[in-house]
Amino acid sequence: MSWLPIVIKACYFLAALLFILGLKRMSSPRTARGGIVWAGYGMLLAVLATFFLPDMQNRGLIIAAVLIGVSAAWWSGKRVAMTAMPQMVALYNGMGGGAAAAIGAVELIGYVRTLAILHPPGIPDTSPLRPESWAINALTPMPAMVALSPVELALGVLGALIGAVSFSGSLIAFAKLQGWLDKRFVFPGQRAVNLLLLAAAVLIGILLACGHASLPLIAVFFVLALLFGLMMTLPIGGADMPVVISLYNAFTGLAVAFEGFVLGNEAMIIAGMVVGAAGTLLTQLMAKAMNRSIGNVLFGSFGAAGGEAQAIEGAQKPIDAADAAVMMAYAERVVIVPGYGLAVAQAQHKVWEFAQLLLKRGVKVKFAIHPVAGRMPGHMNVLLAEAGVPYDLIADMDDINPEFPATDVALVIGANDVVNPLAKTDPASPIYGMPILDVSAAKHVIVIKRGKGTGFAGIENALFYADNTRMLYGDGQAAMGELVTELKAIDA
Amino acid sequence: MIDGFLALYIFMLAAFTGYEIIARVPVILHTPLMSGSNFVHGIVLVGAMIALGHAQTRFEIVIGFIGVLLGAGNAAGGYVVTERMLEMFKPSKPDAGKGAH
């Protein structure tokens, strides 16, 4: 049966290859669909191969756990609405982090047990570096009896720490996005407490990695790590969640790579590391789109900018649906700027219906999306795609901003901070420096908004008071419905 | 087990691969790609299976079982969600607008 390990290794190799090729295909809209299927085959291959590893015990339990986990996640994943996608990604990501932490825990506990067997109490020097332990391993090739090398131990502990933080942090992110945790949890000295938690977890982790492992110490280590993830995520507001989810995604990837090293599994190392690096880059891109550093998102409190905010002069000027419809019906170019409010109002289908009517009249319609619109990077694109908007009508911020001066009407629905000109003009504004969609450069701006209040961050929006802006008050879905009706009336 | 420096090379090359894959991705695909990479680290399921497969005491088995459960959830959930999102991305066609639901 000497060919079996080779076949299994080959399966892992193929899986790693399929993951990379799959992710590569996912980076273009045309090939993306095939990409996830390729990666899916890779996963299937790797999981099946693992069943046939020699010296595996508890096979019945493994099958049971896989079946339960897969069916629960499959069922929930099929049912979830597109608006709720960010919290589901957070949840699944947290599960991955938890799994990595569990691997670390099993390995550490097994390590303690192995040491106790290899070096019963009473015999001095239980260092894992002792050459005899290697000799014993060589003679008795029982995997459960192999003591971990110092490097394996260190990376195993590190992976467990990162995985546990990702687990509890992602669960909090999930609860926040799901609306179960509305309030930001802030208290004085929070940063110090968090730092202390992290320092304590790292310290115990170092003790564990140095071979001073014992069951109570392992337990305290995991409690501290979980607590840190929880406390770190609690004060972070909803608008920053895209960055946080992306960061924990990278964390889980790293944790998986490290645990993969401990288990000697190359597929885990490669897949985990690829995700870790990709996730880190994505997190940086997200943070940059908000003009903030990752550290600022994690540890800074939003809205803390000092100084006097610029006073905004003028008044908001209302418009009714009939006038707004006429304006756009006879426009040459219309750019629709959807924000998260559109998703909350479930208005994406109405918006696309309206856009189609305009397109039929020969109006050039585009959708402009800010990189951090929605609650996850690219979330708005997904919501528009769900409504049937083809992706070539959707433009990124960098592509659309030069086009605003040639735009007759910019229709803003449920977006606020990402179109606020104060981000460019008012250094005292908390969002100063954040790249924005330049809608105020359009000839006319129509803003659909529920009322006169301020946006998510509680910041006044100068756009609403601009001379070329008209406000169409109302719920996003209702207002779009009226616009559709009025537009049809023009054609009739 | 893997030789230390060989592992270091794998770590490094894989990191560059991940970086290069994401570096020029249009914003439109950020969500599916994040969700896709979320699925890919579901490979942790394999590790959890190995951990449970080598678990000896009841305590280890319980933790290993939870690990496999979570890992399976990561892999399956990540796949379904990503597939659902990517399925919706369609280019303009003459009959555009009849989006999938």
Side-chain angles (χ1 to χ4, degrees), chain A residues 19 23-24 26-27 29 32-33 36 40 46 50 56 58 62 65-66 69-70 73-74 77 88-89 92-93 95-96 98-100 102-103 105-106 109 144 249 252-253 256 259 261 263-264 268-271 273-275 277-278 281 356 371 376-379 381-382 385-386 388 390-392 396, chain B residues 1-2 4 7 10-11 14-15 17-19 21-22 25 27-28 30-31 33 35-38 40-41 43-44 46-56 60 63-83 85-86 88-92 96-97 99:
Chain A
F19 286 154
L23 280 176
K24 181 78 206 154
M26 267 190 247
S27 59
R33 179 81 198 285
I36 182 67
T50 308
M56 287 280 274
N58 310 320
I62 293 177
V66 168
V70 165
W74 198 277
M88 288 319 277
V89 171
Y92 298 140
N93 176 57
M95 291 171 104
I103 296 171
V106 171
I109 297 166
N249 187 38
T252 303
V256 170
E259 296 306 331
F261 177 75
L263 296 171
M268 278 174 78
I269 299 182
I270 291 171
M273 210 60 208
V274 166
V275 173
L281 178 60
Q356 279 174 295
M376 190 161 66
H379 190 196
N381 304 76
V382 171
E386 186 198 16
Y391 60 75
D392 41 6
D396 291 355
Chain B
M1 298 288 134
I2 307 166
I10 299 180
F11 277 126
T17 308
Y19 194 91
I21 287 176
I22 300 280
V25 172
V27 174
I28 179 172
H30 275 175
T31 289
L33 201 70
S35 155
S37 57
N38 181 33
V40 165
H41 68 51
I43 188 73
V44 71
V46 163
M49 287 167 69
I50 297 174
L52 177 54
H54 293 167
Q56 300 292 321
E60 287 170 45
I63 296 178
F65 188 83
I66 296 172
V68 175
L69 213 60
L70 292 174
N74 181 183
Y79 182 84
V80 172
V81 164
T82 312
E83 211 258 359
M85 278 193 267
L86 288 175
M88 296 180 319
F89 285 105
K90 294 191 170 72
S92 289

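Worth knowing before you read on, the calculation uses all heavy atoms, side chains too, and leaves out hydrogens, waters and symmetry mates. Lettering of chains follows the sequences in order, A, B, ..., and the numbering in each one begins at 1.
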Please tell me if the side chains of A/Tyr92 and B/Val81 come closer than 4.5 Å, counting only heavy atoms from C-beta onward. yes
Top contributor to chain A contacts, counting heavy-atom pairs under 4.5 Å, from B/Gly67, B/Ala51, B/Gly77: B/Gly77
Checked A/Thr252, A/Ile103, A/Val256, A/Asn249 vs chain B; the most non-hydrogen pairs under 4.5 Å come from A/Asn249
From the list B/Ile50, B/Thr17, B/Ile66, the residue making the most non-hydrogen contacts under 4.5 Å with chain A is B/Ile50
Please identify each residue that fulfils ring pair (Phe, Tyr, Trp, His ring centres under 6.0 Å) with B/Phe65, with sequence neighbours left out. none
Mind telling me whether A/Phe261 and B/Phe11 have parallel, tilted or perpendicular rings, with 30° and 60° as the class edges? tilted
Out of B/Ala76, B/Ala75, B/Gly53, B/Ala55, which one racks up the most heavy-atom pairs below 4.5 Å with chain A? B/Gly53
So A/Tyr391 and A/Asn381, do their side chains get closer than 4.5 Å, heavy atoms only? no
Any chance you could measure A/Met26, atom CE, to B/Ser37, atom OG, to the nearest 0.5 Å? 8.0 Å
Ranking A/Leu281, A/Leu23, A/Val106 by heavy-atom pairs under 4.5 Å to chain B gives rank one to A/Leu281
Which one of A/Ala271, A/Ala278, A/Gly98 has the most heavy-atom pairs closer than 4.5 Å to chain B? A/Ala278
Please determine, among A/Gly40, A/Ala99, A/Ala100, the option with the most heavy-atom pairs under 4.5 Å with chain B. A/Ala99
Choice from B/Gly47, B/Ser35, B/Ala48, B/Gly71 maximising heavy atom contacts with chain A below 4.5 Å: B/Gly47
Pairing residues for A/Asp396 by the side-chain hydrogen bond (donor to acceptor under 3.5 Å, both in side chains) criterion, not counting sequence neighbours: none
